[in-house]
Amino acid sequence: MSGHVSQTAAPSHSDHSASPWGGGTSPYKVSYGKMMMWFFLISDAFTFSGLLTAYGFMRHKYEDIWPTAGDVFTHFPFYDGHIELAYVALMTFILIASSVTMVLAVEAGHRMKKKSVQFWMVLTILGGAIFVGSQAWEWYHFIHGTEHGAYLLEDGVTVMRHKIDPQTHVLEEGTFLVPENREGSLTEFSGFKEVSGNEAAVMKSTATHIHGANLSHNEYGIPLFADFFFFITGFHGFHVFSGVCINFIIFLMVVEGKFEKTGHYEMVEKSGLYWHFVDLVWVFVFTFFYLL
Amino acid sequence: MDARDDIYEYSLDTHHSEEAGKKMRKKFMMVLALLSAVTIIEVGMGMIWSRDESMKDILKYTFIILTLVKAGYITMIFMHLGDEKKSFQWTVLAPYFVLIGYLIFICLVEATYAGGTRPGIENYFGF
C-alpha cells in the first residue's frame with residue numbers, strides 16, 4: 001500500500017478493513033484505470049479467440065487441402081533463397097523484446113526514474129514500429145506471390161498449383177497439384193492429386209494465371225487461408241499500430257514530466273498492459289497460423 | 001485537475017526500491033531468454049518434422065503446450081497478473097477459460113460435421 005494513495009480515500013479504507021466487500025474500499029487492491037484496462041483486454045481476448053477459433057473451424061474442415069505455412073512464408077530480407085518461417089520467428093523475437101523493454105519502462109517508473117522510463121519507452125516504440133513494418137513486408141510478399149504463380153480453374157475457387165519439392169523448393173516442370181474431391185462429395189477433399197500432360201493442358205485452357213493472394217483467390221491454395229491471414233494478422237497489426245500510437249502519447253506525457261507531478265507512473269503500466277497483450281496475441285497467431 | 005474522492009488509486013505496487021528493482025530486472029531477462037529459447041525450439045522442430053506425417057500429432061500438441069507456457073509467462077510476469085490478488089486473477093481468468101473452452105470444444109466438434117456428413121462417419125460411432 002505504499003505510494004500514491006489519494007489522501008481523502010485513505011481513512012475510509014482503514015474504517016472498512018474488516019469487510020473488504022462492504023463498500024468504501026478497493027477489495028482487489030487495483031486502481032480503477034488498471035482494472036478497466038484488464039476488463040477491456042478480456043473482451044479483446046474474446047475477439048481474438050473468436051477469430052482464431054473460426055480459423056480452427058475452417059482449417060479442421062478443410063484439413064486435407066490446407067496449405068502449409070512453411071511453403072508460403074519462405075522469404076527473408078536481403079536473401080535470395082528460401083528459409084521457412086525464419087523471418088516470422090525474427091518478428092516474434094522483436095515483439096517479445098519490445099515487451100521486455102516495456103516492462104523495464106514500467107519497472108523504472110516504479111522507482112520514479114524519468115530518464116530511464118523515457119529510454120525504455122523509445123526502444124519499445126521502435127520495436128513496435130519495426131514489427132508493423134515487417135508485417136507490411138510479409139503482406140507485400142504474400143500479395144505478390146511467386147514468379148511462377150498458379151492457375152485458377154474455371155470455378156473461380158480451385159487452384160492448380162505447380163508441384164514443388166518442399167525441401168529444395170525446385171519446381172517440377174509440367175506437373176501440377178489439384179484438390180481431390182472425396183468420392184461422391186463436392187465439399188469434402190482427400191488431399192491433392194497430381195495432374196500432368198494432356199489433362200493438365202485441358203484444365204489450363206480454361207484457367208486464369210494468377211500470382212499471389214487476395215481476398216478472392218490465393219495462389220497457394222484455398223482462398224480461406226488468405227482471408228484468415230489478412231483478417232487475423234491485419235487485426236493484430238492494427239492493434240500493434242494503435243499500441244505504438246498510445247505508447248508514443250504516453251511517452252510525450254513522460255517527457256512533459258506529467259507523472260513526476262502526479263507522483264506515480266501508473267499510466268505507463270496501463271499502456272504497458274495493452275502492449276503485452278499485443279505480444280500475447282501474437283504468440284497464439286504465430287503458433288496457429290505459422291507453426292501448425 | 002482536482003483529485004476526486006470517490007475514486008481510489010489503490011495499486012499493490014506503484015513504487016518499489018532499488019534492490020527490488022534489480023531483482024525484477026533479472027527476472028525479466030530470464031523470462032526473455034526463456035521465451036526466445038522456446039520460440040527457437042518451436043521453429044527448429046517445425047523445420048525438421050513439419051512434413052513428417054508420423055510426427056504431426058506430437059508436434060501439434062507440443063506447440064500448443066509450449067504456446068500456453070509462453071502465454072503464462074507473459075501474463076503472469078510481464079503483465080504482473082501473478083502479483084495481483086488471487087480474487088482479481090480469477091476475475092480475469094475464469095470467465096475467459098470457461099467461455100473459450102466451450103467455444104473451442106463446440107467449434108472443433110462441429111467442424112467435423114460441417115457441410116454434410118463426413119464419409120465413414122458411421123464407422124466413427126461404431127454402427
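Here the structure is a predicted model, which is why all the values come from computation and not from measurement. Quick note on labels: first sequence line is chain A, next is B, and so on, each numbered from 1. All values below were derived from every heavy atom in this structure, side-chain atoms included, with hydrogens, water molecules and symmetry-related copies excluded.
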Margin query: Taking every non-hydrogen pair under 4.5 Å, which of A:T287, A:L104, A:V281, A:T92 racks up the most with chain B?
Written below: A:T287

Next item on the list: Check each atom of A:F39 against the heavy atoms of chain B and say whether the ones under 4.5 Å are side chain, backbone, both or neither.
Entry: side chain

Next item on the list: Would you check if B:F88 and A:K34 make a side-chain contact, meaning some heavy-atom pair closer than 4.5 Å?
Entry: no

Checklist line | Region of A:Y62 that comes under 4.5 Å of a non-hydrogen atom in chain B | finding: neither

Check: In terms of heavy-atom pairs under 4.5 Å with chain B, which of A:H276, A:K113, A:R59 leads?
Finding: A:H276

Next item on the list: Considering only heavy atoms, give the residues of residues 30-37 of chain B separated from chain A by less than 4.5 Å, sorted numerically, with 'none' for an empty result.
Entry: B:L32, B:L35, B:S36

Check: Is it the side chain or the backbone of B:M45 that comes within 4.5 Å of chain A heavy atoms, both, or neither?
Finding: neither

Note to self: Using a 3.5 Å distance criterion without hydrogens, assess whether the side chain of A:S99 forms a donor-acceptor pair with backbone atoms of A:L95.
What the structure shows: no

Notebook entry, point to check: What residue in B:M29, B:K86, B:K60, B:K56 has the most heavy-atom pairs under 4.5 Å with chain A?
Noted result: B:K60

Check: If you tally heavy-atom pairs under 4.5 Å against chain A, which of B:G21, B:S17, B:P95, B:G46 wins?
Finding: B:G21

Next item on the list: May I have the step-by-step check of side-chain contact (heavy atoms from CB on, under 4.5 Å) for B:M79 and A:L41, ending in yes or no?
Entry: CA-CA 11 Å; B:M79 297 173 95; A:L41 292 182; 3.6 Å; yes

Notebook entry, point to check: Which region of A:F284, side chain (C-beta onward) or backbone (N, CA, C, O), has a non-hydrogen atom less than 4.5 Å from a non-hydrogen atom of chain B, or is it both or neither?
Noted result: both

Checklist line | CA sep, side-chain torsions, deciding dist, call: A:H236, A:F286, ring-ring contact (aromatic ring centres under 6.0 Å, His included) | finding: CA-CA 11 Å; A:H236 176 264; A:F286 177 63; over 10 Å; no

Margin query: For a 4.5 angstrom cut-off between non-hydrogen side-chain atoms, does A:F73 reach A:E138?
Written below: yes

Check: Of the backbone (N, CA, C, O) and the side chain (C-beta and beyond), which part of B:L103 lies under 4.5 Å from a heavy atom of chain A, both, or neither?
Finding: both

Margin query: Let's go through A:F228 and A:F289 carefully: what are the C-alpha distance in whole Å and the side-chain angles of both, what is the deciding distance for ring-ring contact (aromatic ring centres under 6.0 Å, His included) to 0.1 Å, and is it a yes or a no?
Written below: CA-CA 9 Å; A:F228 276 110; A:F289 234 100; 7.4 Å; no

Check: Taking it one step at a time, do A:S31 and A:K270 satisfy side-chain hydrogen bond (donor to acceptor under 3.5 Å, both in side chains)?
Finding: CA-CA 10 Å; A:S31 71; A:K270 283 177 231 168; 5.1 Å; no

Margin query: Let's test your reading of the structure: which of A:M102, A:M112, A:E107 forms the most heavy-atom pairs below 4.5 Å with chain B?
Written below: A:E107

Next item on the list: Report yes or no: does A:T74 contribute a side-chain atom to a donor-acceptor pair with the main-chain N or O of A:G70 at less than 3.5 Å?
Entry: no

Item checked: Proximal component of A:F288, with respect to chain B [non-hydrogen, under 4.5 Å] -> side chain

Next item on the list: With side-chain hydrogen bond (donor to acceptor under 3.5 Å, both in side chains) as the test, would you mind laying out the steps for A:H110 and A:E269 before giving the verdict?
Entry: CA-CA 9 Å; A:H110 285 175; A:E269 212 168 323; 3.0 Å; yes

Notebook entry, point to check: What part of A:L52 gets closer than 4.5 Å to chain B, counting heavy atoms only: side chain, backbone, both or neither?
Noted result: neither

Margin query: Just checking A:M267: does its CE atom have more than 12 heavy atoms from other residues, nucleotides or ligands closer to it than 6.0 angstrom?
Written below: no

Next item on the list: In sequence, state the C-alpha distance, the side-chain angles, and the governing distance for A:F131 and A:F93, and then conclude on ring-ring contact (aromatic ring centres under 6.0 Å, His included).
Entry: CA-CA 10 Å; A:F131 184 86; A:F93 177 75; over 10 Å; no

Item checked: Heavy atoms of other groups near A:F40 CZ, more than 12 under 6.0 Å -> yes

